[in-house]
Amino acid sequence: MKQLLQDVPEYIKSLVPYPPGKPKDELEREYGIKDSIKLASNENDLGPSPSAVEKIKGILKELHRYPDGSSYYLKKELANRYDVRPSNLVLGNGSNELIDFLCRIFIREGRNAISSRPSFLVYSKMVQITGGKNRVIPLKNATHDLAAIADAVDDKTRLIFLDNPNNPMGTVISYGDLEHFLSCLPNHLIVVLDEAYGEFVKPGTDWAEGISFFRKYKNIVILRTFSKAYGLAGLRIGYGIMDDAIAALCDRVRQPFNVNLPAQEGALAALKDDRHLRLTLENTWEQMIELSNKIRELGCIPFESNTNFMLVDTHRQAKVLFEAMLKKGIIIRSMDSYGFPTYIRVTIGTPEENQRFIKAFSEVIKEIPKNKGRD
Ligand SMILES: Cc1ncc(COP(=O)(O)O)c(C=O)c1O
């Protein structure tokens with residue numbers, strides 16, 4: 001056994017497990033509280049699409065069957081919506097799985113991938129698992145530093161990850177900036193445009209939505225998920241839109257039934273449930289304004305966001321604040337481990353949840369001293 005473990009490469013041993021938001025049940029047991037609310041993982045607090053729930057109930061008696069390995073109907077619906085071919089689509093067990101496919105296909109020892117810091121942690125993790133090197137470029141003015149990313153490209157670069165909107169900043173890349181960036185890149189690499197929060201981008205925003213570049217650039221992959229706006233995080237389903245040739249490679253590396261039956265059926269129903277999506281977006285946009293105003297009144301700094309979460313500079317130690325909020329039954333994310341010791345990230349919940357958040361937050365910040373140098 002000892003020898004077996006010694007043989008594991010250092011890049012695997014040094015991986016850090018992904019820090020999930022604390023599950024509600026665990027928190028309630030630990031702190032002896034009830035009715036906690038979770039605003040830590042950017043889920044949809046309005047719940048799943050009711051049509052998806054009904055659809056899933058109806059197929060439970062089919063659970064003894066394998067799902068459709070080609071996800072025919074879901075691909076067909078998505079292809080219609082984006083005006084692409086079904087062969088441009090790959091479905092995954094969450095959009096995370098698409099990141100995994102791309103790393104396994106294109107990255108190995110001696111190759112590298114570029115991502116930003118901070119951005120979604122899974123990119124660098126998947127790159128490390130496949131033995132590649134991560135080149136990590138700090139954000140500039142709270143968004144991707146496209147010029148520095150382009151400079152970091154070399155002949156060994158195979159993937160560039162851009163979460164657009166960015167997690168955790170909530171900022172977007174403008175149309176002109178992405179157009180310029182894509183036009184300058186060599187074609188031995190793929191730009192992954194991760195639009196996990198794309199649905200939440202406010203109308204009228206100058207946002208470089210990937211699909212508008214799809215016909216012009218063959219080397220982009222657009223990632224989307226049902227975990228956020230569609231409220232289906234627990235089903236684990238996401239998709240990628242890409243050139244047929246890249247999709248065919250993903251099809252080779254994926255497991256035969258990687259997307260389960262309830263996920264396929266639920267996603268298809270959610271996609272057609274315009275009402276649920278509209279209510280979700282209206283709630284998020286309205287509550288975002290409400291929450292920002294209240295946070296500002298309390299002397300903290302909310303960041304403008306095009307997602308369903310918001311970064312807040314609390315001017316206080318975020319770790320301490322996180323613990324104090326936990327005791328009041330509210331789970332948020334401390335951004336301490338991302339290198340932002342005074343920042344928290346909070347998901348936009350329902351109006352009731354947000355009121356509870358504000359009430360607890362206003363009580364807690366009175367008890368935690370401001371960091372030195374703050375007025
Ligand atoms: C930027 C970003 N991309 C992808 C994902 C993963 O989504 P999925 O649940 O589809 O794997 C997340 C989840 O938090 C995210 O923040």
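Start at 1 and go down the list; that is how both ligands and their atoms are numbered. We number each residue from 1, following the sequence as shown.
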Partners meeting side chain to side chain donor-acceptor pair (under 3.5 Å) with Arg345 (sequence neighbours left out):
Asn167

Examine the side chains of Tyr72 and Gln264 and answer whether a donor and an acceptor come within less than 3.5 Å of each other.
no

Contacts of Asn42 that satisfy side chain to side chain donor-acceptor pair (under 3.5 Å) - sequence neighbours left out
Tyr197, Thr347

Nearest 0.5 Å please: distance from the CD1 atom of Ile331 over to the CZ atom of Phe357.
13.0 Å

Check salt bridge (charged side-chain N to carboxylate O under 4.0 Å, His left out) between Lys359 and all other residues, then give those that pass, not counting sequence neighbours.
Glu363

Do the charged groups of Glu323 and Lys319 touch, with an N to O distance under 4.0 Å?
no

Report all protein residues having a heavy-atom distance below 4.0 Å to some atom of ligand 1; order the list by chain, then number.
Gly94, Ser95, Asn96, Phe120, Asp163, Asn167, Asp194, Ala196, Tyr197, Thr225, Ser227, Lys228, Arg236

